[in-house]
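Everything below concerns the one structure shown next.
Excluded from the calculations below are hydrogen atoms, water molecules and symmetry mates; all remaining heavy atoms, backbone and side chain alike, are included. Counting convention: from 1, in listed order, for ligands and their atoms alike. Note that the structure is a prediction, hence the values are computed from the model and not measured.
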Amino acid sequence: MTDKKATSVNGGAKPERDCVLCGCCLELCPLFLATNREELSPRAKALLAGPSKFSAATLDEAAVAELAGLCLACGKCEKLCPQGVNIPRLIARLRAEHPDFRQWLWKQWITKLAPYWSLAAQGAAFVPQPLVPAAFGLALKGLRGLRPGKGLRAWLTITKFPAEAFRQKYADRPVAVFDGCVGSGPRKAWASAARYLLRSLSANLVAADFSCCGSTLGVAGLPEDQDAAQRANVTAWRGAGRPLVVTYCATCQKGLAEYATEGLDAGLFANAEEMALWAGSVTPLSPLMLGATAKAGRGAPAIIGWHRPCHTDPADADYKLLSGLLGTRLRSPAKGNCCGFGGIMQLAAPQLSAQVGAGCWAGLDTVLGFTKAGEVTPGYVLTGCSGCVMQLAATAPAGASVGHWLEIIRPD
Ligand code: SF4
Ligand code: SF4
């Protein structure tokens with residue numbers, strides 16, 4: 001076993017250990033579970049891209065590019081790995097070392113085209129699916145899923161807000177909402193609902209000019225762009241008076257929280273105190289709402305499936321809040337399957353992404369039963385991650401409704 005220092009894709013220094021081939025990671029890797037193919041497993045990637053670089057040096061460029069495309073960056077393997085092998089990081093580094101047109105596309109999409117996502121989502125609705133090259137078919141469907149008005153009706157009225165608990169914890173501390181690329185673009189309804197909830201908690205809302213959290217750029221192998229996004233966000237936070245940063249996308253939350261693991265090495269923060277303040281400032285919205293009560297109005301379905309995002313916190317705070325508000329209406333599959341989004345993997349291996357997505361819907365069907373009684377119980381699924389909303393919308397069975405949980409909140 002070696003314990004080397006290696007430069008991470010975003011510039012920090014992390015100890016890096018070799019894979020010992022124990023296979024613990026196989027239990028949760030969505031790609032391996034969907035295909036049973038060892039070459040897609042985390043340990044195959046660890047061998048080829050880890051510190052030992054078993055054979056990456058001998059692979060040709062096409063093979064390396066293929067390998068670099070085959071990871072959803074869900075991070076499930078890392079949670080089980082006794083060696084702490086971070087596969088998404090290894091793959092991100094491989095992607096950075098072997099850039100291709102997919103990264104270029106992803107970079108344009110995230111850093112240049114975000115203001116036009118609403119327009120693109122509307123335009124995507126008019127593109128006939130048969131005319132779309134197979135490599136872009138799933139991405140196009142996901143794009144359609146971002147259209148405003150394609151989400152769910154608001155039918156849940158919050159009848160009591162835990163404002164006193166919020167005041168005791170945060171008093172008058174300023175609060176800024178981190179909307180992420182989707183909430184600040186094509187799904188502005190999420191941003192409005194989040195602000196409605198925070199205003200009802202009597203939060204002292206302030207504006208902050210945040211950009212993309214940067215995590216999707218990092219895993220795509222675009223470390224300079226990730227770094228620029230992180231710096232812009234920390235600067236915006238400082239400019240807003242170092243407020244509490246409230247998120248409502250699991251991937252944004254994870255991405256922002258990670259600033260505090262390498263931020264000092266990367267020069268993101270002035271000192272350890274500022275980094276600790278950031279770490280204590282980034283929070284999902286849902287824990288702030290714990291203790292709320294609600295009433296379901298007309299249009300509330302009898303059964304609602306919950307999709308647990310891979311990037312959610314271990315306690316799945318969104319599910320905890322919603323199950324308190326919705327009771328037995330909300331059902332979560334025993335096995336939380338990955339939706340198959342995977343960022344850049346949508347472009348690299350759409351068929352695998354769809355295969356993983358099919359497994360996710362099979363899991364949801366165990367609680368919704370829409371394949372047996374679709375006309376009685378149409379699939380109705382909520383989640384708490386913008387990438388999952390896109391992917392689930394792209395892969396949903398006919399008639400199913402998919403949305404972020406904020407879409408069912410009815411503002412007074
Ligand atoms: S990050 Fe996810 S998809 Fe990639 S190897 Fe690990 S478990 Fe598999
Ligand atoms: S759990 Fe870690 S050490 Fe074990 S096979 Fe997977 S990557 Fe290798």
Counting backbone and side chain alike, does Cys81 bring an N/O/S atom below 2.8 Å of atom 2 (Fe) of ligand 2? yes
Does any part of the side chain of Val246, heavy atoms only, come nearer than 4.5 Å to the side chain of Thr283, both counted from C-beta? yes
Using a distance threshold of 2.8 Å, state whether an N, O or S atom of Cys19 lies below it from atom 8 (Fe) of ligand 2. yes
Run the salt-bridge test on Lys320 and Asp313 with the 4.0 Å N-O cut-off and return the result as yes or no. no
Taking only Lys NZ, Arg NE, NH1 and NH2, and the carboxylate oxygens of Asp or Glu, determine whether Arg43 and Glu38 approach each other closer than 4.0 Å. yes
Starting from atom 3 (S) of ligand 2, locate the nearest protein heavy atom and write down its residue, its atom name and how far away it is, to 0.1 Å. Val20 N, 3.3 Å
Out of Gly23, Cys25, Cys77, who is nearest to atom 1 (S) of ligand 2 when you count heavy atoms only? Cys25
Taking all non-hydrogen atoms of both residues, which atom of Ala49 and which atom of Leu94 are closest, and how far apart? CB-CD2, 4.1 Å
For Pro42, atoms of ligand 1 separated by under 4.0 Å from a heavy atom: 5 (S)
With side-chain contact (heavy atoms from CB on, under 4.5 Å) as the criterion, how do Ser386 and Cys249 come out once you've worked through the C-alpha distance, each side chain's angles and the decisive distance to 0.1 Å? CA-CA 6 Å; Ser386 43; Cys249 166; 3.3 Å; yes
Per-atom contacts, ligand 2 versus Gln83 - under 4.0 Å to a heavy atom: 3 (S)
Looking at every heavy atom in both Arg153 and Tyr380, which two are closest together, and how far apart are they? O-OH, 4.2 Å
For Ile87, the atoms of ligand 1 under 4.0 Å from one of its heavy atoms are 5 (S)
Take every heavy atom of Gly84, measure it against each atom of ligand 2, and state whether any distance is under 4.0 Å. no
Just jot down the ligand 1 atoms closer than 4.0 angstrom to any heavy atom of Gly75, in number order. 1 (S), 2 (Fe)
Near Leu21 (heavy-atom distance under 4.0 Å), the atoms of ligand 2 are 5 (S), 8 (Fe)
Ser281 and Arg173: side-chain donor and acceptor closer than 3.5 Å? yes
Is the His404 ring parallel, tilted or perpendicular to the Tyr248 ring (thresholds 30°, 60°)? perpendicular
Short list, please: which atoms of ligand 2 are under 4.0 Å from a heavy atom of Pro82? 1 (S)
Applying side-chain contact (heavy atoms from CB on, under 4.5 Å), run through Val381 and Leu368 and close with a yes or a no. CA-CA 9 Å; Val381 175; Leu368 293 170; 3.7 Å; yes
Among all protein non-hydrogen atoms, which one is nearest to atom 2 (Fe) of ligand 1, and what is the separation to 0.1 Å? Cys74 SG, 2.2 Å
Side chain or backbone of Cys29 under 4.0 Å from ligand 1, or both, or neither, by non-hydrogen atoms? both
Could you find the nearest protein heavy atom to atom 4 (Fe) of ligand 2 and give me its residue, atom name and distance? Cys22 SG, 2.3 Å
